[in-house]
Amino acid sequence: MRIDKFLKVSRLVKRRTVAKEMADQGRVKVNDRVVKSSYDVKLGDVIEIGFGTKQLKARVLDLRETTKKAEASDLYELINDKGRVRCYINTKW
C-alpha cells in the first residue's frame, strides 16, 4: 500500500492529497529515510511525519484498504525515541 493511502486510511492525515503533498515535500520519513508518496508501506515500518514544529512517529501494525474511524488507530502505534507510547493523535503533547 502506498504511504499516502496508508496515512489517509489510518487517519494520521485527513486527506490523501494532503498526505501526497507532505511526502513529496520531504516531510514524511520511513525508517529514517525521506520517502515519496509512492513508497510501499510494510508491516513494522516506522513512519515519521512533520506537522510544522511537531513530529509524529508511528509504527505500522496492520495494512487495510479501508477501515472504520473507530478501528483506524489499530493500524499503528505511536512511539517515541524510548519505545512505545499509548496516546491518541488528538491528545495534546
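All residue numbers refer to positions in the sequence shown, counting from 1. Because the structure is predicted, anything quoted here is derived from the model rather than measured.
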Starting at NZ of Lys8, measure out to OG1 of Thr67 and round the result to the nearest 0.5 Å.
10.0 Å
Minimal heavy-atom distance between Tyr76 and Ser10, with the atoms involved, is CE2-O, 3.5 Å
Rounding to 0.5 Å, atoms CD (Glu77) and CG (Asp62) come to a distance of 12.5 Å
Lys42 versus Val60: any side-chain heavy-atom pair under 4.5 Å?
no
Between Leu43 and Leu63, is there a side-chain heavy-atom distance shorter than 4.5 Å?
yes
Between Met22 and Asp4, does a side chain to side chain contact (heavy atoms under 4.5 Å, CB included) hold up when you go through it step by step?
CA-CA 9 Å; Met22 290 175 73; Asp4 56 346; over 6 Å; no
Report yes if the side chains of Phe6 and Ile47 come closer than 4.5 Å at any heavy-atom pair, otherwise no.
yes
Measure the shortest side-chain to side-chain distance between Asp74 and Arg64 over non-hydrogen atoms and say whether it is less than 4.5 angstrom.
yes
Is the closest basic N to carboxylate O distance between Glu65 and Lys5 below 4.0 Å?
yes
Enter the distance from Glu48:CD to Leu56:CG here, rounded to the nearest 0.5 Å.
9.5 Å
Backbone N/O of Met1 and side chain of Asp40: donor-acceptor pair under 3.5 Å:
yes
Quick check for you: to the nearest 0.5 Å, what is the distance between Lys29 atom NZ and Ile49 atom CD1?
12.5 Å
Can you find a pair of side-chain heavy atoms, one from Thr66 and one from Val9, that are under 4.5 Å apart?
no
For Ala58 and Leu12, the nearest pair of non-hydrogen atoms, with its separation, is CB-CD1, 4.4 Å
If Ile, Leu, Val, Met, Phe, Trp and Tyr residues are connected whenever their side-chain heavy atoms lie under 4.5 Å apart, and connections chain through other members, are Val34 and Val18 in the same group?
no
Grouping I, L, V, M, F, W and Y whenever their side-chain heavy atoms are under 4.5 Å apart, do Val30 and Phe51 come out in a common cluster?
yes
Going from OG on Ser38 to NZ on Lys20, what distance comes out if it is rounded to the nearest 0.5 angstrom?
8.5 Å
Looking only at heavy atoms, which two atoms of Arg59 and Val46 are closest? And how far apart?
NE-CG2, 4.2 Å
Does some side-chain heavy atom of Lys36 sit less than 4.5 Å from a side-chain heavy atom of Asp24?
yes
